[in-house]
*Asks:* 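One structure coming up, written as structure tokens, with questions to follow.
Predicted model, so just to flag it, every value in this text is computed and none were measured. Positions are given from 1 along the sequence.
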Amino acid sequence: MSIFYIIIGFISLVAGGELLVRSSVGLSLKLNLSRMIIGLTVVSFATSAPELIVSIQGALNGLSGLAVGNVIGSNIANIGVVLGATALVGSLAIDKDFFKFNWPWMMIFSFVCYGLLWTGNNILRWEGIALLVLLSVFLVLLIRRARKQPTSVDLDLDVDKQTSNPWWKILVFLSLGGVALWLGSEWLVKGAVEIATALAIPESVIAVSMIAIGTSVPELAASLIAALKKEKAISLGNLIGSNIFNIGSVLGITAIIHPISIQSDSLSLLTNDIYWMIGFAGALLPLAFIPKFFEINRMKGLILLIAYGTFIYFLFDTL
């Protein structure tokens, strides 16, 4: 029954994430927001909704290891699996914003996350507020840059169709997406906890691996479909933005709703997993200078996938 809950939870998260992304884009277009701002803010936040719902659900159930593990694992999976698999299908160019803005901010958020968790093994409400304030600063600077450098973001979405959708349809899809995400998170957390209990595996390990992959499935599916269609629907900058949202909004909002505290059986998050998260983020810089320069090609994608497989191997080998 646990496997059933996990499978149906995955399906609900994918469906809910898809509905939420499309309805959010439709809403933004109705409000005449630019495609650049839509791609870098609304869509990034919407695709982080599965992580947010699962983390809040875990924290409310007293499973803080699951909440933090989900964010750390999702950030690792976004680079190791989503970026790696997408690069195998089609190479991704690295633009100048990667060096000047996106990558430095991802590293800032990664180290801030590390610092908050190490000072007391928790994230208190005021620290959650601080994360949201930092995220707000990032968004303000991001929007300013978008206005100064008006470039199109090729989203794998039918913009004309989204614009023509009536208000009631957008709001219905938005509601259905939210309900699907909530139910999916309930089932996914329930199934994961049952498996962790039956196998005597800490919920943090399940969160960093199984649940993290589950909440990253919408991004993975969208990225692979876009690559197969040879459409530039994902860029390295947008993927980094998703990781920033995971730390800033997911951990921030979760901590405000229910302070996060790492228990003794989940300390591997601080002694092992968070170093992998920082390592995957930092590795993107040297990868940019390995031939081919300024490109994540198939070879680099394969390297990322092998690195992720190594992470998963050591994760379970130490149990």
*Asks:* Determine the minimum heavy-atom distance between Ile94 and Glu295, stating which atoms define it.
*Replies:*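 Distance-wise, the nearest heavy atoms are CD1-N, 3.7 Å.
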*Asks:* Are Leu139 and Phe245 close enough that some pair of their side-chain heavy atoms sits under 4.5 Å apart?
*Replies:*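 Side chain of Leu139 against side chain of Phe245, heavy atoms only: contact under 4.5 Å found.
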*Asks:* Is there a donor-acceptor contact under 3.5 Å from the side chain of Trp276 to the main chain of Tyr308?
*Replies:* no
*Asks:* Testing Phe280, Trp118, Tyr114 for ring-ring contact (aromatic ring centres under 6.0 Å, His included) with Tyr275, which one passes?
*Replies:*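 Testing Tyr275 for a ring-ring contact (aromatic ring centres under 6.0 Å, His included) against Phe280, Trp118, Tyr114 leaves exactly one candidate, Tyr114.
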*Asks:* Going by heavy atoms in the side chains, are Phe101 and Leu142 under 4.5 Å from each other?
*Replies:*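 Side chain of Phe101 against side chain of Leu142, heavy atoms only: contact under 4.5 Å found.
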*Asks:* Applying a strict under-4.5 Å side-chain criterion to I, L, V, M, F, W and Y, I'd like to know whether Leu19 and Leu183 cluster together.
*Replies:* no
*Asks:* Measure the spacing between CE of Met277 and OG of Ser110 and express it to the nearest 0.5 Å.
*Replies:* 4.0 Å
*Asks:* So, for Phe99 and Phe294, is the gap between ring centers shorter than 6.0 Å?
*Replies:*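 Yes.
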*Asks:* Can you name the nearest heavy-atom pair linking Ala180 to Ser12, along with the distance?
*Replies:* O-CB, 3.5 Å
*Asks:* Would you say the ring centers of Phe311 and Phe316 fall short of 6.0 Å from each other?
*Replies:* no
*Asks:* Using a 6.0 Å cut-off, check whether atom CH2 of Trp168 has over 12 heavy atoms from anything other than its own residue.
*Replies:* no
*Asks:* Given Ile108 and Phe138, is the side-chain contact (heavy atoms from CB on, under 4.5 Å) satisfied, shown in steps?
*Replies:* CA-CA 11 Å; Ile108 288 172; Phe138 165 73; over 6 Å; no
*Asks:* Once you round to the nearest 0.5 Å, how far does CD1 of Ile76 lie from OG of Ser209?
*Replies:*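 That separation rounds to 10.5 Å.
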*Asks:* Is Lys190 reaching over with its side chain to a backbone N or O of Gly9, donor-acceptor style, under 3.5 angstrom?
*Replies:*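 No.
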*Asks:* When you look at Ile257 and Leu60, which way does the side-chain contact (heavy atoms from CB on, under 4.5 Å) test go after all the steps?
*Replies:* CA-CA 8 Å; Ile257 294 175; Leu60 290 175; 4.0 Å; yes
*Asks:* Looking at CD1 of Ile247 and CZ of Phe111, how far apart are the two atoms once the value is rounded to the nearest 0.5 Å?
*Replies:* 10.5 Å
*Asks:* Verify the distance criterion only: is there a donor paired with an acceptor across the side chains of Asn70 and Ser55 at less than 3.5 Å?
*Replies:*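 Note: Asn70 and Ser55 side chains meet the donor-acceptor criterion.
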*Asks:* How long is the gap from SG on Cys113 to CG on Leu131, to the nearest 0.5 Å?
*Replies:* 7.5 Å
*Asks:* Could you tell me whether the side chain of Val89 reaches within less than 4.5 Å of the side chain of Arg298, counting heavy atoms only?
*Replies:*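 Arg298 vs Val89: side chains apart.
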*Asks:* Are side-chain heavy atoms of Pro202 and Ser268 found at a separation under 4.5 Å?
*Replies:*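 Answer no - side chains too far apart.
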*Asks:* Would you say Glu127's side chain and Leu124's backbone share a donor-acceptor pair under 3.5 angstrom?
*Replies:*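 Looks like yes, one N/O pair under 3.5 Å.
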*Asks:* Between Thr86 (side chain) and Leu83 (backbone), is there a donor-acceptor pair under 3.5 Å?
*Replies:* no
*Asks:* Looking only at heavy atoms, which two atoms of Leu116 and Thr119 are closest? And how far apart?
*Replies:* O-OG1, 3.0 Å
*Asks:* Report whether Leu52 and Leu132 are members of the same hydrophobic cluster (ILVMFWY, side-chain heavy atoms less than 4.5 Å apart, transitive linking).
*Replies:* yes
*Asks:* Would you indicate whether the side-chain heavy atoms of Leu66 and Ile211 approach each other to under 4.5 Å?
*Replies:*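 Yes, at least one pair of side-chain atoms sits under 4.5 Å.
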*Asks:* Under a 4.5 Å cut-off applied to non-hydrogen side-chain atoms, are Ile262 and Leu267 in contact?
*Replies:* yes
*Asks:* Are Phe98 and Ile240 close enough that some pair of their side-chain heavy atoms sits under 4.5 Å apart?
*Replies:*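 Answer yes - side chains close enough.
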*Asks:* Should we count OH of Tyr313 as having more than 12 external heavy atoms under 6.0 Å?
*Replies:*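 Result for OH/Tyr313: open.
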*Asks:* With hydrophobic residues grouped by side-chain heavy-atom distances under 4.5 Å, do Leu171 and Val179 end up in a single group?
*Replies:*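 Hydrophobic grouping puts Leu171 apart from Val179.
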*Asks:* Taking all heavy atoms of Ile290 and all of Lys300, pick out the closest pair and write down the distance.
*Replies:*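 The pair with the smallest heavy-atom distance is O-NZ, 2.5 Å.
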*Asks:* Tell me if the CE atom of Met107 is crowded by more than 12 foreign heavy atoms within 6.0 Å.
*Replies:*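 Counting other residues, nucleotides and ligands, CE of Met107 exceeds 12 neighbours.
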*Asks:* What pair of heavy atoms forms the shortest contact from Ser74 to Asn246, and how long is it?
*Replies:*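 Shortest heavy-atom contact: CB-ND2, 4.0 Å.
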*Asks:* Give a yes or no on whether the backbone of Ala59 and the side-chain of Asn61 come within a donor-acceptor separation of less than 3.5 Å.
*Replies:*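 A pair under 3.5 Å: no.
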*Asks:* Testing the basics here: between Asn297 and Lys292, what is the closest heavy-atom pair and its distance to 0.1 Å?
*Replies:*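 What the structure gives for the nearest pair is ND2-N, 3.6 Å.
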*Asks:* State, yes or no, whether a side-chain contact exists between Asn243 and Asn75 at a heavy-atom distance under 4.5 Å.
*Replies:* yes
*Asks:* Is there a donor-acceptor contact under 3.5 Å from the side chain of Arg125 to the main chain of Pro259?
*Replies:* no
*Asks:* Would you give the length of the straight line joining atom CD of Glu51 to atom OG of Ser242, rounded to the nearest 0.5 angstrom?
*Replies:*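 It is 6.0 Å, given to the nearest 0.5 Å.
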*Asks:* Set out, in order, the CA-CA distance, both residues' side-chain angles and the distance that settles side-chain contact (heavy atoms from CB on, under 4.5 Å) for Ile306 and Leu302, then state yes or no.
*Replies:* CA-CA 6 Å; Ile306 292 174; Leu302 182 60; 4.0 Å; yes
*Asks:* If I take atom CD1 from residue Ile72 and atom CD1 from residue Ile274, how far apart are they, to the nearest 0.5 angstrom?
*Replies:* 4.5 Å
*Asks:* When you look at Phe109 and Leu134, which way does the side-chain contact (heavy atoms from CB on, under 4.5 Å) test go after all the steps?
*Replies:* CA-CA 8 Å; Phe109 271 88; Leu134 185 61; 3.7 Å; yes
*Asks:* Do Ile244 and Val112 share a hydrophobic cluster, counting only Ile, Leu, Val, Met, Phe, Trp and Tyr and linking them when any side-chain heavy atoms are less than 4.5 Å apart?
*Replies:*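 Yes: a chain of side-chain contacts under 4.5 Å links Ile244 to Val112.
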*Asks:* Between Ile253 and Leu251, is there a shared hydrophobic cluster once you connect ILVMFWY residues whose side-chain heavy atoms come closer than 4.5 Å?
*Replies:* yes
